[in-house]
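Below is one structure, written out as structure tokens; the observations come after it.
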Amino acid sequence: MASSKNGLSPVVVFLLGAASATALIVFVFTSTARPAWPTPETTPTRRQDKAATTVPCAPRAKATAGSDSEMHRAARTNQTGGDNDDEFARMVRRAAMEDRTVIMTSVNEAWAAPGSLMDSFLESFRVGENISHFVQHIVVVAMDEGALRRCRAMHPHCYLLLPEVAGLDLSGAKSYMTKDYLDLVWSKLKLQQRILELGYNLLFTDVDLAWFRNPMVHITAAADITTSSDFYFGDPDDLGNYPNTGFIYFKATARNARAMAYWHAARRRFPGEHDQFVFNEIKRELAAGAGVGVRIRFIDTAVVSGFCQLGRDLNRIATVHMTCCVGLENKLHDLRNVIRDWRRYAARPRWEQQMGKIGWTFEGGKCIH
């Protein structure tokens with residue numbers, strides 16, 4: 001009893017000691033533990049800690065030449081839309097219409113010279129009916145350096161196509177059906193095929209041709225190839241019509257790319273002939289089911305016309321081609337006269353135009369008849 005009076009009970013001492021130890025443990029735990037939920041102050045720290053601890057420990061993938069090239073190819077595909085992208089492909093993309101159609105023509109230095117065929121060709125778009133916007137969709141293929149320089153001085157889309165034969169000079173006014181002339185007209189076919197392989201519709205137009213109205217309204221989506229005609233006999237599906245490949249449209253299909261390659265390869269079977277002659281010779285092969293199997297459609301010469309079979313009604317005319325006309329000077333002379341006649345027609349009131357009495361004058365024509 002004396003001890004209880006003079007000091008604390010052993011039980012009390014034990015309880016006090018236990019309470020002190022518990023308080024110490026709680027204090028230490030709460031001072032070092034993180035909150036159980038993220039807070040604005042703690043969340044960034046936890047992300048940094050995670051980054052600091054996991055990234056250095058993650059194994060690095062071993063790079064290989066194959067995987068690296070595949071990665072770069074994928075990046076180029078996503079950025080530009082194709083693996084084999086180059087200057088020509090970029091130009092085609094810039095020139096293409098919303099429906100992915102590209103107009104293409106080709107010139108050499110003689111045709112692109114000031115006052116020559118290219119000037120008259122582009123002038124026709126300016127004087128025609130609501131067709132000036134088509135100029136921005138034309139890719140001009142230059143066959144030599146002189147043509148390229150002249151083209152770049154007046155047009156945004158110019159591309160130099162080097163001849164297949166090294167050292168071949170295609171700059172002059174080549175005489176019809178000479179070897180240089182044939183090399184000139186055949187050189188463009190592979191580039192036309194390239195446009196199709198890039199996934200663009202192609203409308204090729206010769207430069208000795210005047211546009212006055214939109215000829216595309218006469219191109220049907222039902223056909224793979226739509227071509228103008230030298231001689232048209234009334235049925236657009238009749239393979240007996242005689243084509244003129246100086247105005248020809250190709251839909252962007254793999255079938256048409258094969259047709260283009262087939263056409264180019266057929267040159268070996270017809271040595272000394274131009275591309276249009278060969279196309280006429282193989283048109284039934286191209287259309288045959290056992291062959292390429294394309295549908296070819298011909299445009300009436302009353303609307304997409306030429307000197308071989310000239311449309312006389314200016315209310316219907318869309319284009320006029322200097323066909324059945326040999327010689328640069330003769331073509332240029334008559335092309336200027338045709339544009340002059342169109343200007344005269346376009347200047348008259350609508351009611352007078354519709355009477356159908358305003359036509360070609362044929363004044364001083366070299367080839368027009």
Does the side chain of Ile368 reach to within under 4.5 Å of the side chain of Leu310, using non-hydrogen atoms? yes
Rounded to the nearest 0.5 Å, the NE2 atom of His321 sits from the CD atom of Gln309 at a distance of 15.0 Å
Sort and list the pairs that fulfil disulfide bond (SG atoms under 2.5 Å apart) and have at least one residue in residues 333-369, not counting sequence neighbours. Cys325-Cys367
Does Phe204 reach the side chain of Phe247, with side-chain heavy atoms less than 4.5 Å apart? no
For Asn130, all residues meeting side-chain hydrogen bond (donor to acceptor under 3.5 Å, both in side chains), sequence neighbours excluded: none
Which residue pairs pass the salt bridge (Lys or Arg N to Asp or Glu O under 4.0 Å) test when at least one of the two sits in residues 151-160, sequence neighbours left out? none
Taking the side chain as everything from C-beta on, heavy atoms only, tell me whether Arg336 gets closer than 4.5 Å to Glu123. no
For Tyr242, all residues meeting side-chain hydrogen bond (donor to acceptor under 3.5 Å, both in side chains), sequence neighbours excluded: none
Checking the side chain of Lys283 only, and the main-chain atoms of Asn241 only, is there a donor and an acceptor separated by less than 3.5 Å? yes
Tell me if a side-chain donor or acceptor on Arg100 pairs with a main-chain N or O of Gly199 at a distance below 3.5 Å. yes
Backbone N/O of Asp144 and side chain of Glu109: donor-acceptor pair under 3.5 Å: no
Side chain to side chain contact (heavy atoms under 4.5 Å, CB included) assessment of Val304 paired with Thr301: CA-CA 5 Å; Val304 175; Thr301 53; over 6 Å; no
Results of side-chain contact (heavy atoms from CB on, under 4.5 Å) for Ala96 - residues two or more places apart only: Val102, Tyr200
Using modelled atom types only, decide if a donor and an acceptor are shared between the side chain of Ser106 and the backbone of Val141 within a distance under 3.5 Å. no
Looking at residues at least two apart in the chain, or sitting in another chain, which of them share a side-chain hydrogen bond (donor to acceptor under 3.5 Å, both in side chains) with Asp300? none
Check the side chains of Asn315 and Tyr345 for a donor-acceptor pair under 3.5 angstrom, ignoring hydrogens and angles. yes
Minimum heavy-atom separation for Gly311 to Ser305, with atom names? N-OG, 2.6 Å
Counting only heavy atoms not in Arg269, do more than 12 fall under 6.0 Å of its CZ? yes
May I ask you to test the Met104-Ile138 pair for a side-chain heavy-atom distance under 4.5 Å? no
To the nearest 0.5 angstrom, please state how far the NZ atom of Lys331 sits from the CZ atom of Phe307. 9.0 Å
Say whether, by atom type as modelled, one donor and one acceptor occur between the side chain of Ser229 and the main chain of Phe231 under 3.5 angstrom. no
Salt-bridged, Arg194 to Asp86, with N to O below 4.0 Å? yes
Please list all pairs meeting disulfide bond (SG atoms under 2.5 Å apart) that have one or both residues in residues 121-157, counting only residues at least two apart or in different chains. Cys151-Cys158
Non-hydrogen atoms of Asn201 and Ala252 that approach each other most closely: OD1-N, 2.8 Å
Does any part of the side chain of Met143, heavy atoms only, come nearer than 4.5 Å to the side chain of Leu161, both counted from C-beta? yes
Residues two or more places apart in sequence or in another chain: which of them pass salt bridge (charged side-chain N to carboxylate O under 4.0 Å, His left out) with Asp237? Arg295, Arg297
When you measure from the side chain of Asp206 to the backbone of Leu209, do you find a donor-acceptor pair of N or O atoms at a distance under 3.5 Å? no
Working note: Met260 + Leu202, criterion side chain to side chain contact (heavy atoms under 4.5 Å, CB included); need CA distance, chi angles, decisive distance, verdict. CA-CA 11 Å; Met260 188 75 74; Leu202 168 67; 4.3 Å; yes
On a heavy-atom basis, the closest approach of His333 and Gly364 is CE1-O, 2.7 Å
Check: Asn337 side chain, Glu363 main-chain N or O, donor-acceptor pair, under 3.5 Å: yes
Sequence neighbours excluded - side-chain hydrogen bond (donor to acceptor under 3.5 Å, both in side chains) pairs with any residue from residues 353-362: Arg340-Thr361, Asp341-Thr361, Arg350-Gln353
Partner of Phe298 by side chain to side chain contact (heavy atoms under 4.5 Å, CB included), out of Thr227, Asp230, Asp235: Thr227
Identify the heavy atoms of Ala210 and Leu335 that sit nearest to each other, and give their distance. CB-CD1, 3.8 Å
If you round to the nearest 0.5 Å, how far is CG of Leu203 from CD1 of Ile219? 5.0 Å
Would you say the side-chain atoms of Ser124 pair up with the backbone N or O of Phe121, donor to acceptor, closer than 3.5 Å? yes
Any Trp263 side-chain heavy atom under 4.5 Å of Leu189 side chain: yes
Hey, does Ile299 have a side-chain heavy atom less than 4.5 Å from the side chain of Pro236? no
Would you please name every residue forming a side-chain contact (heavy atoms from CB on, under 4.5 Å) with Ala113, sequence neighbours left out? Ser116
From Ile282 atom CD1 to Phe277 atom CZ, the distance as rounded to the nearest 0.5 Å: 11.0 Å
Proximity of Tyr159 and Phe88 rings by center, below 6.0 Å: yes
With sequence neighbours left out, the residues meeting side-chain hydrogen bond (donor to acceptor under 3.5 Å, both in side chains) with Thr205 are Trp211
If you define the side chain from C-beta out and look only at heavy atoms, does anything of Ile248 sit under 4.5 Å from Phe279? yes
Going by atom types only, do Gln276 and Asn244 share a side-chain donor-acceptor pair under 3.5 Å? yes
About how many Å separate CG of Leu160 and CG of Leu148, when rounded to the nearest 0.5 Å? 5.0 Å
Atom pair CD/CD of Gln192 and Glu197 - distance to nearest 0.5 Å: 12.0 Å
Residues 247-262 vs side-chain hydrogen bond (donor to acceptor under 3.5 Å, both in side chains), sequence neighbours excluded, gives Asp224-Arg255, Tyr262-Glu285
Between Asn214 and Phe134, does the side chain to side chain contact (heavy atoms under 4.5 Å, CB included) criterion hold? Intermediate values first, please. CA-CA 9 Å; Asn214 181 6; Phe134 284 124; 3.5 Å; yes
Whether the side chain of Arg213 engages the backbone of Ile317 through a donor-acceptor N/O pair (distance < 3.5 Å, no angle test) should be reported. yes
Checking the side chain of His137 only, and the main-chain atoms of Ile103 only, is there a donor and an acceptor separated by less than 3.5 Å? no
Please step through side chain to side chain contact (heavy atoms under 4.5 Å, CB included) for the pair Asp334 and Lys366, ending with a clear verdict. CA-CA 6 Å; Asp334 281 10; Lys366 302 290 186 181; 3.7 Å; yes
Identify the heavy atoms of His157 and Ala95 that sit nearest to each other, and give their distance. CD2-CB, 3.7 Å
Smallest separation among heavy atoms of Gly359 and Leu314, with atom names: CA-CD1, 3.8 Å
